[in-house]
Amino acid sequence: MAWVVTTGAGFALVAWADPDPLTLRGAILPLPALGVLSALLIVLAWRFGDVSGAACGVFAGWVALVLRTMLNGTPYGFAGLYGDMGRIAASATRYTVTPWSADAFVEEVPAEYPMLYPWLIGRASVLTGVPAWRLVPEAEILVTSGAVVAAYLLWARLVRPPVALGIAAAGLSAFGDPRKAFCVIAALVVTPWAILAFGASPRGRPAWWAAGLVGGVMVMTYQGFLIYAAPGLLALLALTWWRAPDRWAYMIHVALVVTCAAAVSAVYVVPYVLGALKGGQPLADLYVSPDMAANPFPFLDPTPLGLLQLAGMAGLILLRGREWWAAPMLLLLAGLYVYRVAMMARFVLDGHSGFYHYTTRMAGPLLAAAGVLTLATLLARARPGRYGAAALAVLLTGTGAVYWRTALPEDVQPWASAWPSGRHFFTGLAHRETGFPARLIRDRVAAVLGPAARPRVLSADERLFSYLPWKGYIGGDRTAANTLTRYDDRRAELARLAAIRDPAEFARASATTRFGAIDVFVLDAWRWRGITFQPAQFAGFRQFTELPERLVLLVRT
């Protein structure tokens, strides 16, 4: 409740103040609020004792205030409608016309990327009547801030509430990129979920159906961390089984959790598995991300967060035989590095990375959590309701200030990019987004094919699909393509079409490709991603060449 109230108040504050986040005066709005909230936490804790639950909700609401402030003045989310963020918006738009698993571009193919996050946005769009792309920034804000609450609720099942709050706040500071809000919530909850579901904490395990439900939702939200940590998860299972007083009962519990998780995520997993059995072309992990060469040991960074993570690394090693949480977390961390090394070797051999750079996005919050647990162990005699609350307020203020700085638009203020954060996730692109002539294209197509038409389109600009739920022939980015779309085969079909010079034969061939008819072409100066078409080929199409940004629209008649 505190999260809902504080978030609503933050949204109202931004609407009233109308700050310009591209200036220091506007961007600094959340910091006074953070100081007030921290002081209030100390006062309330001194008077009433432990108020960690309410403090968590208020802190999460403050995070929403930060993100809402940085997006004030733009209808777009972080990074606009480009790259992965454009594909999330396109996927959300796709789910406004189908409730079933579907690729962002090629509607006939089930989703490969986890579907729950864009599905919720798309169905919310249907309920509210607001275009899906306009709901993406709100989803980024709510899911990122809500991740703090989710992490707190799970950790509070394992440790004292003040410690759980410190872990949740520190975890967001380690990885809280709202562009990947669904990854944020998965990264912050996967470690406590794994320990709760498969470990042996002093407070016992939750019911198998509860653990399975959370696991299934995690698969639907972002399954990657379960894959990257798989070696550590298996080691945790083996260790807990070996120590279990009733090994058969433990095996039954694990089987029930896995079965429940599989049932919950079946609507996403089953269509993809059935499609994969027919074959595909895995290309997405051929993308070479700069993060692949980044420091894989965040605890070596010379920052306050790095020092906290260094304390966590030391605690995992030195306390593994004395504190119940150290060994499970150390196994999960080791599993991440085992996966990383194995995938680095594969990358050298065949260019497929297995997205090993994502391992640090789970390792960072895990090490931050270990740091908080280590400090809490050393300060176990501190009074959590009073002096402990002051220490917690300092932690929240520090992590909040770091997160605010990370949210600054680095490329529009020299003082922002000069600060030694190195983790900025907002480049100001959302405020420079010039839009896309989607309405103009929609109207021109409707004039030819009718207002209810949902044609299959070859578009040189993926933003088209963020605005319109039309069927795509192919996505634009090879290293972001769904395995099941067979991107290279579709591109080869396009190259074959481009070589046909006879207009009648081109019209026939483009209507009978291996992957279905192409009804509409949206080309960039008669080109699609390096493949050049000729105006004469489209003699049988209605041609619209007055579009901005060198776009050419061709509609089959």
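For R87 and E462, the salt-bridge test passes: some basic side-chain N is under 4.0 Å from an acidic carboxylate O. In summary, R361 and D291 engage in a salt bridge, as defined by a charged side-chain N under 4.0 Å from a carboxylate O. Remark: D84 does not engage R179 in a salt bridge, criterion side-chain N to carboxylate O under 4.0 Å. Salt bridge absent: E140 and K180 never bring a charged side-chain N and a carboxylate O closer than 4.0 Å.
Rounding to the nearest 0.5 angstrom, the gap separating the CD1 atom in I88 from the OH atom in Y117 is 7.0 Å. Going from atom CG of L396 over to atom CH2 of W62 covers 9.5 Å, rounded to the nearest 0.5 Å. Distance check, rounded to the nearest 0.5 Å: CH2 of W155 to CG of L165 gives 13.5 Å. Between L34 atom CG and L29 atom CG the span is 11.5 Å, to the nearest 0.5 Å. With rounding to the nearest 0.5 Å, the separation of CG in L120 from CE in M115 is 9.0 Å. With rounding to the nearest 0.5 angstrom, the CG atom of L366 is 4.0 Å from the OG1 atom of T191.
Residues M313 and L330 meet the side-chain proximity criterion, which asks for heavy atoms closer than 4.5 Å. Using a 4.5 Å cut-off on side-chain heavy atoms (C-beta onward), L305 and V402 make no contact. Between V148 and C56 the shortest side-chain heavy-atom distance falls below 4.5 Å. Inter-residue side-chain proximity for C183 and Y358 is flagged as met; some heavy-atom pair is nearer than 4.5 Å. S201 is not listed as a side-chain neighbour of W325, based on a closest heavy-atom distance of 4.5 Å or more. Within the 4.5 Å cutoff, no side-chain heavy atoms of E323 are placed close to those of L373. Considering only heavy atoms from C-beta on, M220 comes within 4.5 Å of V267 through its side chain. Inter-residue side-chain proximity for V184 and V143 is flagged as unmet; no heavy-atom pair is nearer than 4.5 Å.
S466 places a side-chain N or O within donor-acceptor distance of the main-chain N or O of G86, the cut-off being under 3.5 Å. Between the side chain of T6 and the backbone N or O of W3 there is no donor-acceptor pair closer than 3.5 Å. When atom types are taken as modelled, the side chain of S101 and the backbone of Y268 share no donor-acceptor pair closer than 3.5 angstrom. Side-chain N or O atoms of T23 include one that pairs as donor or acceptor with a backbone N or O of D20 at under 3.5 Å. Judged by distance alone, with hydrogens and angles left aside, the side-chain atoms of R123 form a donor-acceptor pair with the main-chain N or O of Y95 at under 3.5 Å. The closest donor-acceptor contact from the side chain of S125 to the backbone of V130 lies under 3.5 Å. Listed for the D301 side chain is no donor-acceptor partner under 3.5 Å among the backbone atoms of G306. Without hydrogens or angle criteria, T360 side chain to H357 main chain gives a donor-acceptor distance under 3.5 Å. Without hydrogens or angle criteria, R320 side chain to I317 main chain gives a donor-acceptor distance under 3.5 Å.
Aromatic ring pairs are classed by plane angle as parallel below 30°, tilted from 30° to 60° and perpendicular above 60°; the pair F198 and W193 is perpendicular. Classified by interplanar angle (parallel below 30°, tilted 30° to 60°, perpendicular above 60°), the ring pair Y222/F225 is perpendicular. Using a 30° and 60° split on the angle between ring planes, Y356 and F347 fall in the perpendicular class, above 60°.
Contact record, A168 with A151: CB-CB, 4.0 Å, taken as the closest heavy-atom pair. Of all heavy-atom pairs between P178 and T144, the closest is CA-OG1, 3.4 Å. Nearest heavy atom pair, residue V159 against residue A164, reads CG2-N, 3.8 Å. Annotation for L333 and A363: closest pair CD1-CB, 3.8 Å, computed over non-hydrogen atoms. The two atoms that bring L188 and A147 nearest to each other are CD2-O, 3.9 Å, heavy atoms only. In this structure, L233 and A194 approach most closely via the heavy-atom pair CD2-CB, 3.7 Å.
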Stepwise, does the side-chain contact (heavy atoms from CB on, under 4.5 Å) test hold for H253 with R205?
CA-CA 10 Å; H253 169 79; R205 301 187 189 96; 3.5 Å; yes
Apply side-chain contact (heavy atoms from CB on, under 4.5 Å) to the pair F355 and Y339, showing each step before the final yes or no.
CA-CA 10 Å; F355 302 104; Y339 178 88; 5.5 Å; no
Start with the C-alpha gap between Y403 and V63, add the side-chain angles, then the distance that decides, and say whether side-chain contact (heavy atoms from CB on, under 4.5 Å) holds.
CA-CA 8 Å; Y403 192 73; V63 171; 3.8 Å; yes
Given the rule in the side-chain contact (heavy atoms from CB on, under 4.5 Å) test, do L154 and R157 qualify, once you have shown the distances and angles that lead to the verdict?
CA-CA 5 Å; L154 289 183; R157 287 290 307 271; 5.6 Å; no
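For Y76 and W133, the distance between ring centers is under 6.0 angstrom.
The closest side-chain donor-acceptor pair between N72 and D18 falls under 3.5 angstrom.
Note that R340 lies outside the cation-pi zone of Y337, set by a 6.0 Å cut-off to the ring centre and a 45° limit from the axis.
Atom CZ of R203 is surrounded by more than 12 heavy atoms from other residues, nucleotides or ligands within 6.0 Å.
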